[in-house]
Amino acid sequence: MPSSSAAGPGLRVHPFRALTYAVATPEQLARVSSPAYDLVTAAGRRRLAAADPHNVVRLILPGTSDAGEDETSSPIGDCDTGSAARAARTLAAWRADGVLVTDAAPALWCYRMSSPDGEETVGWLGAVELPPDGSTAVLPHEDVFAPAVEGRRALLAATQTDLEPIVLAHDPSAEVAEVTAVTVRRPPDLLVTDADGVRHELRRVDDPAALDRLSTGFAQVASVIADGHHRFAAARAHAAGGPGRVLALLTPMGPGGLRVQAIHRVVPGLDLARAGRLAGTGFTVTPADGDAEEIARAWVRAPGAECFLVTDGRGVLLLSSPDDAVRRRIPRDAPVSWRALDVVLAHHGLLTGLWGLPDDPSVVRIAHDVPEALRLARELDGVALLLRSSSPADVAAVARDGARMPRKSTLFVPKPRTGLVLFPH
């Protein structure tokens, strides 16, 4: 990743007066917080809304009602002017009623996430200046879907509040690391454990000396967007070329930072036999015997010669050895870092190539893990296309080269919990 000394100014990170829930016990925070908006299905939205009348899902997904949706659907981007206005009225009511309160003074928030497997990620929540055009301070690595960007922009315009942070993976900074090491020794100000067993700890920091050191450290580094491309694009659109800031969780690249998982594809209505016949015109297709979920779980974790795994939740096909015609579908004028990605081969060679599908969320769905992919394939009478994850280094290389991975290519984990800290503009 480029350093600020070689590629222009680094990150400008500011403390902010946070908006938080007035009652902030771990039990209360568990009831009112939510996963990120694009991870919440319609059924999940109903469960969250039922958990507490003040659950933040009523703000981040205001366009989805509490009953009656297809349980396989996802409400990503489901926000128009009317539903955004409803979210704004709800937010205003919660503030007026004292459900949400504003900090007396600006601060940065040290955010530590501890997974049940012992992995730990530590970062900082801050208000990050939107960099000017041409800056390398914040580099995207994925394409976005315009309607989803507009949905997030409408919500931001109506509420004038960042309801959840984007996530930036930044170059290592000794200055930031030193302040972090001291801060995490303190008891947390906010604490919650989510449904996956991830422990979220937040510590509020308003000490001027610490804030100055953090500002100095971040100003020396650049970053890659790990999560929140649509919200970052929405923030830019909302600012309309003028100055603006976006709520971001800043985590270091490398040790103590995020890990990358693949995001899988699901094609409704495409049966496994036809998927295999079409793929067989450009790949070697090999059936696999055994339980589909066991095979799939082992496949995504272990490197192998196969490019992809295709399953309808019952049968399994392994795809390998793409021929020259398939590889020629990948644009040759793109950077080598981009052309080498499996997700690019899947997108150009198979999905839009041999399967002839448009890049549209209503045609090609996404799944964030193997069980979800197999479940959707069965329920939608289609197939799941499973991918292996790119490495953080792969993602950074693509961003450095100014390229974009296909939309929803990477899942950086763990995810910050939505609703713990909001940023009113």
Side-chain angles (χ1 to χ4, degrees), residues 11-26 28-37 52 54-60 87-88 90-113 121-130 152 155-156 158-168 176 179-180 183-184 186-192 194 199-215 218 227-228 231-232 235 238 244-251 415-425:
L11 293 163
R12 297 185 180 273
V13 182
H14 301 271
F16 63 100
R17 293 178 64 197
L19 191 62
T20 59
Y21 281 94
V23 180
T25 66
Q28 173 71 5
L29 288 177
R31 290 196 301 271
V32 298
S33 60
S34 164
Y37 84 101
D52 191 284
H54 301 119
N55 190 286
V56 73
V57 79
R58 297 178 186 272
L59 303 180
I60 62 174
T90 300
L91 177 61
W94 290 0
R95 296 185 73 169
D97 293 342
V99 174
L100 294 168
V101 294
T102 306
D103 270 0
L108 295 177
W109 293 76
C110 184
Y111 194 145
R112 178 161 67 178
M113 293 174 280
T121 300
V122 185
W124 287 88
L125 281 173
V128 176
E129 284 187 25
L130 297 173
R152 295 300 103 184
L155 189 60
L156 176 57
T159 62
Q160 291 296 310
T161 301
D162 279 346
L163 302 171
E164 50 191 331
I166 67 169
V167 182
L168 302 178
V176 172
V179 178
T180 302
T183 305
V184 295
R186 288 175 27 196
D189 295 295
L190 299 176
L191 171 65
V192 66
D194 65 27
R199 178 183 169 96
H200 302 256
E201 303 171 12
L202 286 92
R203 294 165 173 85
R204 186 180 182 280
V205 174
D206 61 3
D207 172 66
L211 294 179
D212 184 65
R213 292 189 69 194
L214 290 168
S215 176
F218 283 125
D227 185 56
R231 282 164 281 156
F232 181 74
H238 178 64
R245 297 178 183 181
V246 62
L247 178 63
L249 173 62
L250 301 113
T251 65
K415 294 268 194 178
R417 190 77 174 163
T418 294
L420 304 181
V421 174
L422 285 60
F423 170 38
H425 289 208

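Note that the coordinates shown come from a computational prediction; the quantities given were computed from them, not determined experimentally.
- In this structure the side chain of Val421 reaches within 4.5 angstrom of the side chain of Thr20, judged on heavy atoms.
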Full working for side chain to side chain contact (heavy atoms under 4.5 Å, CB included) between Leu130 and Val246: CA-CA 7 Å; Leu130 297 173; Val246 62; 3.9 Å; yes
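- Considering only residues two or more places apart in sequence or on other chains, Thr418 meets the side chain to side chain donor-acceptor pair (under 3.5 Å) condition with Glu164.
- Looking at residues two or more places apart in sequence or on another chain, you find no ring pair (Phe, Tyr, Trp, His ring centres under 6.0 Å) involving Tyr21.
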Test side chain to side chain contact (heavy atoms under 4.5 Å, CB included) applied to Val184 and Val122, step by step: CA-CA 9 Å; Val184 295; Val122 185; 4.0 Å; yes
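- For Ala158, the side chain to side chain contact (heavy atoms under 4.5 Å, CB included) partners at least two apart in sequence or on another chain are Ala84, Ala88.
- Asp194 pairs by the side chain to side chain donor-acceptor pair (under 3.5 Å) definition with His200, not counting sequence neighbours.
- Arg417 and Ser33 are linked by a side-chain donor-acceptor pair at a separation below 3.5 angstrom, with hydrogens and angles left out of the test.
- Considering Val179, Leu125, Asp189, Thr183 in turn, Thr183 is the only one that fulfils the side chain to side chain contact (heavy atoms under 4.5 Å, CB included) rule with Cys110.
- Arg31 has its side chain out of reach of Asn55: every pair of non-hydrogen atoms, C-beta onward, lies at least 4.5 Å apart.
- Judged purely by atom type and a 3.5 angstrom limit, Arg231 uses its side chain to pair as donor or acceptor with the backbone of Pro165.
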Steps toward side chain to side chain contact (heavy atoms under 4.5 Å, CB included) verdict (Arg186, Val205): CA-CA 11 Å; Arg186 288 175 27 196; Val205 174; 3.7 Å; yes
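- Residue Thr161 comes nearest to Pro424 through the heavy atom pair OG1-CA, 3.8 Å, listed as atom of the first residue, atom of the second, then distance.
- Not a single ring pair (Phe, Tyr, Trp, His ring centres under 6.0 Å) links His238 to another residue, sequence neighbours left out.
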Sequence neighbours left out, cut at 3.5 Å: what donor-acceptor pairs do the side chains of residues 95-107 make with other protein atoms?
| unit_1 | atom_1 | unit_2 | atom_2 | d |
| --- | --- | --- | --- | --- |
| Arg95 | NH2 | Thr102 | OG1 | 3.0 |
| Asp103 | OD2 | Arg204 | NE | 2.7 |

Intermediate values then yes/no, side chain to side chain contact (heavy atoms under 4.5 Å, CB included), Leu214 and Val176: CA-CA 5 Å; Leu214 290 168; Val176 172; 4.2 Å; yes
